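Have a look at the structure below before the remarks.
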Amino acid sequence: MTSRTPLTVRVVKVVKETADAHSLVLEPADGSADKFRYKPGQFLTVRVPSEREGGSVARCYSLCSSPMRDDHLKVTVKRTADGYGSNWICDRVTEGDVLEVLRPAGTFTPDSLDEDLLLCAAGSGITPVMSILSSCLHAGTGSVTLLYANRDEQSVIFRDELAALCREYGERLTIVHWLESVQGLPTRTAIQALTRPYAGHRAFVCGPGPFMELTTEALTRVGLPADRMTLERFTSLTSDPFTAPESAPEPEGESGGPAGTVEVELDGDTRSLAWPRESRLLDVLLAAGLDAPYSCREGNCSACACVVVEGEAAMARNEVLDAADLADGLLLACQALPVSDRLRITYDG
Ligand SMILES: Cc1cc2nc3c(=O)[nH]c(=O)nc-3n(C[C@H](O)[C@H](O)[C@H](O)COP(=O)(O)OP(=O)(O)OC[C@H]3O[C@@H](n4cnc5c(N)ncnc54)[C@H](O)[C@@H]3O)c2cc1C
Ligand code: FES
């Protein structure tokens, strides 16, 4: 059994965004900048030391920086009441520290930066949305509308940054703030009224569970189709991908019949590999030395998602890809078993 060497990042700066949210500005610490290429809206998985949990736990944090606009990576961590990882990071991490992370991953990212976007965020849900918003404004041509809900004015993460973007991009950016202290909790009818003019846009939604449910229902009622709505759910990982062993693929013919083959496009290279019937695709890739992305390894997070170009595979578990993702050919490599004898997949699409 082996485990992979994680990547490392150095904390260049810690920014106190609000009373309970800290941003970490990061740079690759081990000369592996190419491993940190990311798309707007993707996340890093951070190793958080924990003696109680047998060494460490892993937590995902969205990159709020823009790959098109910012030189450094940035994540913003909001304290969760009684939470372990978020409080450890906010209490302990200081400038100069080195953190272990997994490479950026995730499917909460627009296909095009030129589409008109409706972004709905609440609380720390602004982090991936901020990356999408500033990337589209900076490198795309579409207009962006942000509905942003918070407890009160003091808890609005990126308040000044957003105001500066409004000044810079004028009519291309519309921000509707919803403050619970002033307007009470957002209601479905209020969200419907606010979002109705944007029902033809592509929507991205991120925030606490009740906000996501309310918003997706409101967007559905104003006629925004499910396949134009992308959601990001913030949950804590229950597994630790930093210590998870790489299970070796079953030898050919031992179980489930002879191996099929899979051609994999990753980081600009193409490799052809045997894919034993009982082995998960991610295990096959890692055992062959490929640097395939992953995080939870449990079908929960979409970090391992790739696209099936040819052939058919089945997933043992899928808690994250929706009908639109499946229609686009997305596949969770950590859960994928081969159905056809030959497959072609890509991570580079
Ligand atoms: C893709 C993705 C991106 C994310 N991006 C961000 C981001 O940009 N910023 C951000 O702040 N967060 C983000 N998150 C959430 C983040 O990963 C953590 O889930 C969050 O910080 C809470 O972690 P924690 O360790 O502090 O809390 P945890 O210790 O995991 O606790 C979470 C809650 O569960 C309760 N709890 C813990 N253990 C138990 C138990 N055994 N039984 C019952 N209840 C329990 C705690 O009381 C607490 O209320 C993201 C998550 C995902 C999946
Ligand atoms: S690694 Fe999380 S779904 Fe596969």
Side-chain angles (χ1 to χ4, degrees), residues 4 17-18 20-24 26 38-50 52-53 56-65 73-93 101-109 121-132 155 157-158 204-209 212 230-242 244 246 280-283 285-286 292-306 313 315-322 325 330-336 347:
R4 308 171 81 204
E17 304 281 357
T18 64
D20 56 5
H22 287 194
S23 287
L24 309 180
L26 306 166
Y38 65 103
K39 295 179 187 165
Q42 289 195 311
F43 64 89
L44 288 178
T45 306
V46 180
R47 180 179 208 161
V48 179
S50 164
R52 207 187 73 180
E53 299 296 331
S56 64
V57 295
R59 295 288 181 263
C60 303
Y61 292 103
S62 303
L63 289 153
C64 53
S65 48
L73 306 158
K74 187 162 96 169
V75 294
T76 303
V77 180
K78 183 171 177 182
R79 291 180 190 272
T80 294
D82 304 324
Y84 176 72
S86 59
N87 287 297
W88 188 93
I89 291 174
C90 290
D91 289 338
R92 306 276 193 98
V93 175
V101 297
L102 299 179
R103 63 185 293 182
T107 53
F108 189 71
T109 179
S124 59
I126 190 65
T127 52
V129 162
M130 187 69 181
S131 176
I132 295 171
S155 58
I157 301 171
F158 309 136
F204 289 81
V205 183
C206 185
M212 307 258 299
T230 306
L231 315 179
E232 184 79 298
R233 294 183 195 284
F234 281 4
T235 53
S236 292
L237 298 189
T238 50
S239 60
D240 181 0
F242 291 95
E246 282 171 30
R280 307 286 169 98
L281 176 58
L282 181 67
D283 295 337
L285 303 181
L286 297 178
Y294 65 86
S295 183
C296 71
R297 296 181 91 154
E298 291 176 340
N300 286 329
C301 77
S302 84
C304 62
C306 56
M315 285 183 278
R317 187 164 184 266
N318 169 28
E319 298 296 325
V320 62
L321 299 183
D322 58 27
D325 296 326
L330 287 187
L331 177 74
L332 300 176
C334 74
Q335 299 297 316
Y347 285 89

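Values reported hereafter were calculated over all heavy atoms of this structure, with side chains retained and with hydrogens, waters and symmetry mates removed. Everything numeric here is computed off the predicted structure, so don't read it as measured data. Whatever order the structure lists ligands and atoms in, that order sets their numbers, starting from 1.
- Protein atoms of type N, O or S found under 2.8 Å from atom 4 (Fe) of ligand 2 total 2.
- Counted by atom type alone, Glu17 and Ser23 present one or more donor-acceptor pairs between their side chains at under 3.5 Å.
- A donor and an acceptor atom, one from each side chain of Ser65 and Tyr38, are located under 3.5 Å apart.
- Every residue meeting the ring-ring contact (aromatic ring centres under 6.0 Å, His included) condition with Phe108, not counting sequence neighbours, appears here in chain and number order: Phe204.
- Within the 4.5 Å cutoff, no side-chain heavy atoms of Val57 are placed close to those of Ser236.
- Contacts of ligand 1 (protein heavy-atom distance under 4.0 Å) are Phe43, Arg59, Cys60, Tyr61, Ser62, Thr76, Val77, Lys78, Thr80, Ala81, Asp82, Gly83, Tyr84, Gly85, Ser86, Ser124, Thr127, Glu232, Arg233, Phe234, Thr235, Ser236.
- Legend: residues meeting side-chain hydrogen bond (donor to acceptor under 3.5 Å, both in side chains) with Ser155, ordered by chain and number and at least two apart, are Asp152.
- For the pair Leu237/Cys60, a side-chain contact is recorded, criterion being any heavy-atom separation below 4.5 Å from C-beta on.
- Side-chain contact between Val75 and Leu63 is present, with heavy atoms from C-beta onward closer than 4.5 Å.
- Remark: the Ser56 side chain and the Arg47 side chain contain an N/O donor-acceptor pair separated by less than 3.5 Å.
- Residues Arg233 and Glu319 are not paired through a salt bridge, judged by the lack of any N-O separation under 4.0 Å between the basic side chain and the carboxylate.
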